[in-house]
Amino acid sequence: MTAPTVKLLIDGQFVESTAHHWREVINPASQEVLARVPLCGADEVDLAVAAAKRAFPAWRATSLAERARVFLRLQALIREHMDTLAATLTGEQGKTLADARGDVFRGLEVVEHACAVGTLQMGEFAENVAGGVDTYAIRQPLGVCAGITPFNFPAMIPLWMFPMACVLGNTFVLKPSEQDPLTPMLLAELAQQAGLPPGVLNVVHGAADAVNAICDHPDIKAISFVGSVGVGRHVYERGTAHGKRVQAMLGAKNHAVFLPDANKEQALNALVGAAFGAAGQRCMATSVAVLVGAAREWIPDIVARAQTLKVNAGHEAGADLGPLINLQARVRVEKLIGQGVEEGAKLELDGRNPQVAGYEQGNFVGPTIFSGVKPEMHIYREEIFGPVLCIVEVDTLAEAIEFVNANPYGNGTAIFTQSGAAARTFQHDVDVGQVGINVPIPVPVPFFSFTGSRGSRLGDLGPYGKEVVRFYTHTKTVTARWFDDAATAGPVNTTIALR
Ligand code: NAD
């Protein structure tokens, strides 16, 4: 039986692509071919952008309340279809069902927040800035915006993008990861059911060609990108060179610092969950543990806890972590583990070649732990994006902060301590955009914004929250004076001053 094809969404219709090149969507645990996805070129991106451009004037003119109602319906539909969304997500991406529900849920929270567009899009007003003159600022949508998403959160990250862009009055072209496009397509179907008018959301598929066509397209005003550093830099440079706004959220190396006064049980549970959950394929995964002073004695406890985790297909009961996304990723992670050994790090726990009954062909790597890691080693320098934890040891909090700040990435970090003073010093001095205090993965809720920094982002404004309202809108200021019919003419004002 041939696998079903993944459709495009253009102008409200789910249509077959005419692309010449296709790839398979593969279940990473079983290697079953789930679907075939087209690798679109510039011609199909043009169709999607044209539909979005046609839809823009009417959607921009739709009232805030009506736009909000669409997203109120969408949030209800996502809740109603949570089980199907999570099962589809686990099937194509590999993460456990519980984590897949978390992936959908963190995106759902953004949809809920989008429903508050009435206050989010509100402008500012200053009365009587000069005699009888008022100034006000209004936030207007940009036009056609685009989103390019990674494989690791196929629900949450598309939902970071199109709900906020569209509720603010823009129209949108989404290009999901070609590795797991089925979940984003379910979300697009739900958005149509929710009453999003034809052309407001369009979906194309593919990889470099589709992305480059988005970067170059003269009718696209803004691009949201989430993915790896290399591709993100390319999209940022190519998109901005064409005059677009681009926000690019990139890769990471996230450190968690453990002080000896931390609540040890809570801290170690948090570490093991954050290092190995989702098989380490989270941009906010804890990939480096910095043990301070006497906390260095905790290495055996960390290893023992990691050994309790069950590696299995994501839909199997009791699975704690599933497979990596593809065979290439597995080979790369295994190679990096080999390099860590060669470069002299101590392999405390080796997760290579776990036996997973019934899924012998799956892309599995189990929890892996290195101690004695040095900054020059490959396992420290590279984002491994697998279930591999590097442990480093330092004597003081000041050294720990210096170590974290010397790393080029700035996505997330955390400190575990019972000392408010130590936590406050860390929060103040650490040069990382998202900080957790006894919280391992400090991804902010949607009233705030995602604020990864330094090597983990390009562009000033981050996804969702207040920052994305500014990203997806122009601010227009109006300075207005109204005359009474009875007003008499005064002198001509030849200065720039308002009187
Ligand atoms: P990726 O960069 O390979 O792919 C991201 C997108 O770019 C996909 O849609 C893909 O089709 C497209 N793409 C791939 N190669 C391309 C090319 N040569 N030219 C143009 N476009 C191309 O990333 P990924 O492997 O899907 O996702 C994992 C990465 O994403 C990790 O580095 C992770 O840290 C990062 N990430 C960052 C955040 C964040 O918020 N900072 C969140 C999630 C993931």
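In what follows, every heavy atom counts, from backbone to side chain, and hydrogens, waters and symmetry copies are set aside. Order of listing sets the numbers, starting from 1, for every ligand and every atom in it.
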Colleague: Which heavy atom of the protein is the closest neighbour of atom 28 (C) of ligand 1, given with residue, atom name and distance?
Modeller: Phe385 CE2, 3.6 Å
Colleague: Please step through side-chain contact (heavy atoms from CB on, under 4.5 Å) for the pair Leu187 and Ile78, ending with a clear verdict.
Modeller: CA-CA 8 Å; Leu187 293 169; Ile78 291 173; 4.2 Å; yes
Colleague: Heavy atom of Gly452 under 4.0 Å from ligand 1?
Modeller: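 Checking ligand 1 against Gly452, which is what was asked, there is no heavy-atom contact under 4.0 Å.
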Colleague: State whether the side chain of Asn254 and the backbone N or O of Thr286 hold a donor-acceptor pair below 3.5 Å, judged by distance alone.
Modeller: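 No; judged by distance alone, with no hydrogens or angles, the pair does not exist.
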Colleague: Which ligand 1 atoms are under 4.0 Å away from a heavy-atom of Ile157?
Modeller: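 Close to Ile157: 42 (C), 43 (C).
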Colleague: Answer yes or no for Ile325: is there a heavy-atom contact with ligand 1 below 4.0 Å?
Modeller: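 Outside the 4.0 Å threshold, so no.
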Colleague: Would one find more than 12 heavy atoms of other residues, nucleotides or ligands at under 6.0 Å from atom CD of Glu360?
Modeller: yes
Colleague: Heavy atom of Gly206 under 4.0 Å from ligand 1?
Modeller: yes
Colleague: Which is closest to atom 5 (C) of ligand 1 by heavy-atom distance: Val443, Thr451, Val226, Val235?
Modeller: Val226
Colleague: Give the atom numbers and elements of ligand 1 that come within less than 4.0 Å of a heavy atom of Val211.
Modeller: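 It comes down to these atoms of ligand 1: 20 (C), 21 (N).
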Colleague: Would you say ligand 1 has an N or O under 3.5 Å from any N or O of Gln179?
Modeller: no
Colleague: State which residue, out of Val311, Leu309, Val365, Val388, fulfils the side-chain contact (heavy atoms from CB on, under 4.5 Å) condition with Phe276.
Modeller: Leu309
Colleague: List the closest protein heavy-atom neighbour of atom 35 (C) of ligand 1: residue, atom name, distance to the nearest 0.1 Å.
Modeller: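 Checked against all protein heavy atoms, atom 35 (C) of ligand 1 sits closest to Gly227 O, 3.2 Å.
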Colleague: So which protein heavy atom does atom 17 (C) of ligand 1 come closest to, and at what separation?
Modeller: Ala208 CB, 3.7 Å
Colleague: Taking only heavy atoms of Glu178 into account, list the atoms of ligand 1 that are under 4.0 Å away from them.
Modeller: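 Within the 4.0 Å cut-off of Glu178, ligand 1 contributes 10 (C), 11 (O).
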Colleague: Under a 3.5 Å threshold, yes or no: a donor from one side chain and an acceptor from the other, between Gln179 and Asn326?
Modeller: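 A donor-acceptor contact under 3.5 Å links the two side chains.
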Colleague: Would you say that more than 12 heavy atoms from the other residues, nucleotides or ligands in this model lie under 6.0 Å from the CD of Gln361, or not?
Modeller: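 Open: at most 12 neighbouring heavy atoms sit under 6.0 Å from CD of Gln361.
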Colleague: I need the atoms of ligand 1 closer than 4.0 Å to a non-hydrogen atom of Leu250, numbered in the order shown.
Modeller: 34 (O), 37 (C), 38 (C), 39 (C), 41 (N)
Colleague: Show which atoms of ligand 1 fall inside a sub-4.0 Å distance from at least one heavy-atom site of Asn152.
Modeller: 43 (C), 44 (C)
Colleague: In terms of residue, atom name and distance, what is the protein heavy atom nearest to atom 32 (O) of ligand 1?
Modeller: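 Of the protein heavy atoms, Glu383 OE1, 2.6 Å lies nearest.
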Colleague: Would you call the rings of Phe450 and Trp160 parallel, tilted or perpendicular, where under 30° means parallel and over 60° means perpendicular?
Modeller: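 Rings of Phe450 and Trp160: tilted, as their planes differ by 30° to 60°.
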Colleague: Just by distance, no angles: are the side chains of Gln121 and Thr473 close enough, under 3.5 Å, to form a donor-acceptor pair?
Modeller: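 Short answer, no.
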Colleague: Before signing off on this row, confirm whether Ser228 and ligand 1 have an N or O atom pair separated by under 3.5 Å.
Modeller: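 Yes.
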Colleague: Answer yes or no: does atom CZ of Arg332 have more than 12 heavy-atom neighbours from other residues, nucleotides or ligands under 6.0 Å?
Modeller: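 Buried by this count: over 12 neighbours within 6.0 Å.
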Colleague: Take the angle between the ring planes of Phe364 and Tyr359 and call it parallel below 30°, perpendicular above 60°, tilted in between.
Modeller: perpendicular
Colleague: Indicate yes or no for a side-chain donor-acceptor contact from Thr90 to the backbone of Ala87 under 3.5 Å, with no hydrogens or angles considered.
Modeller: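 The answer is no, because no donor-acceptor pair under 3.5 Å joins these two groups.
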Colleague: How far is atom 8 (C) of ligand 1 from its nearest protein heavy atom, and which residue and atom is that?
Modeller: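 The answer is Thr149 O, 3.2 Å.
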Colleague: Using a strict cut-off of 4.0 Å, indicate which atoms of ligand 1 neighbour a heavy atom of Lys175.
Modeller: 8 (C), 9 (O), 10 (C), 11 (O)
Colleague: Which residue and atom name correspond to the protein heavy atom nearest atom 15 (N) of ligand 1, and how close is it?
Modeller: Val231 CG2, 3.6 Å
Colleague: So, 4.0 Å and heavy atoms of Trp160: is ligand 1 close enough to count as a contact?
Modeller: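 Yes; Trp160 lies near enough to ligand 1 that a heavy-atom distance drops under 4.0 Å.
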Colleague: When you measure from atom 27 (O) of ligand 1 to each heavy atom in Pro150, Gly462, Pro176, which option holds the nearest one?
Modeller: Pro150
Colleague: List every atom of ligand 1 that sits less than 4.0 Å from any heavy atom of Ile148, numbering the atoms from 1 in the order shown and giving each element.
Modeller: 6 (C), 7 (O), 9 (O)
Colleague: Answer side chain, backbone, both or neither: which part of Val229 comes under 4.0 Å from ligand 1, heavy atoms only.
Modeller: neither
Colleague: Please work out whether the ring planes of Phe162 and Phe71 are parallel, tilted or perpendicular, with thresholds of 30° and 60°.
Modeller: tilted
Colleague: Under 6.0 Å from the CD atom of Gln339, do we count more than 12 heavy atoms belonging to anything else shown?
Modeller: yes
Colleague: Considering only non-hydrogen protein atoms, determine which one is nearest to atom 39 (C) of ligand 1 and report residue, atom name and distance to 0.1 Å.
Modeller: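 For this ligand atom, the closest protein heavy atom is Cys283 SG, 3.4 Å.
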Colleague: Is the number of heavy atoms from other residues, nucleotides or ligands under 6.0 Å of Phe14 CZ greater than 12?
Modeller: yes
Colleague: Heavy atoms only, cut-off 4.0 Å: how does Met284 contact ligand 1, side chain, backbone, both, or neither?
Modeller: neither
Colleague: Which ligand 1 atoms does Asn411 reach within 4.0 Å, using its non-hydrogen atoms?
Modeller: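 Once the distances to Asn411 are compared, the set is 41 (N).
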Colleague: Please write down residue, atom name and distance for the protein heavy atom closest to atom 24 (P) of ligand 1.
Modeller: Phe151 CD2, 3.6 Å
Colleague: Hey, is CZ on Arg470 packed in by over 12 heavy atoms from elsewhere, all under 6.0 Å?
Modeller: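 Not more than 12 within 6.0 Å, no.
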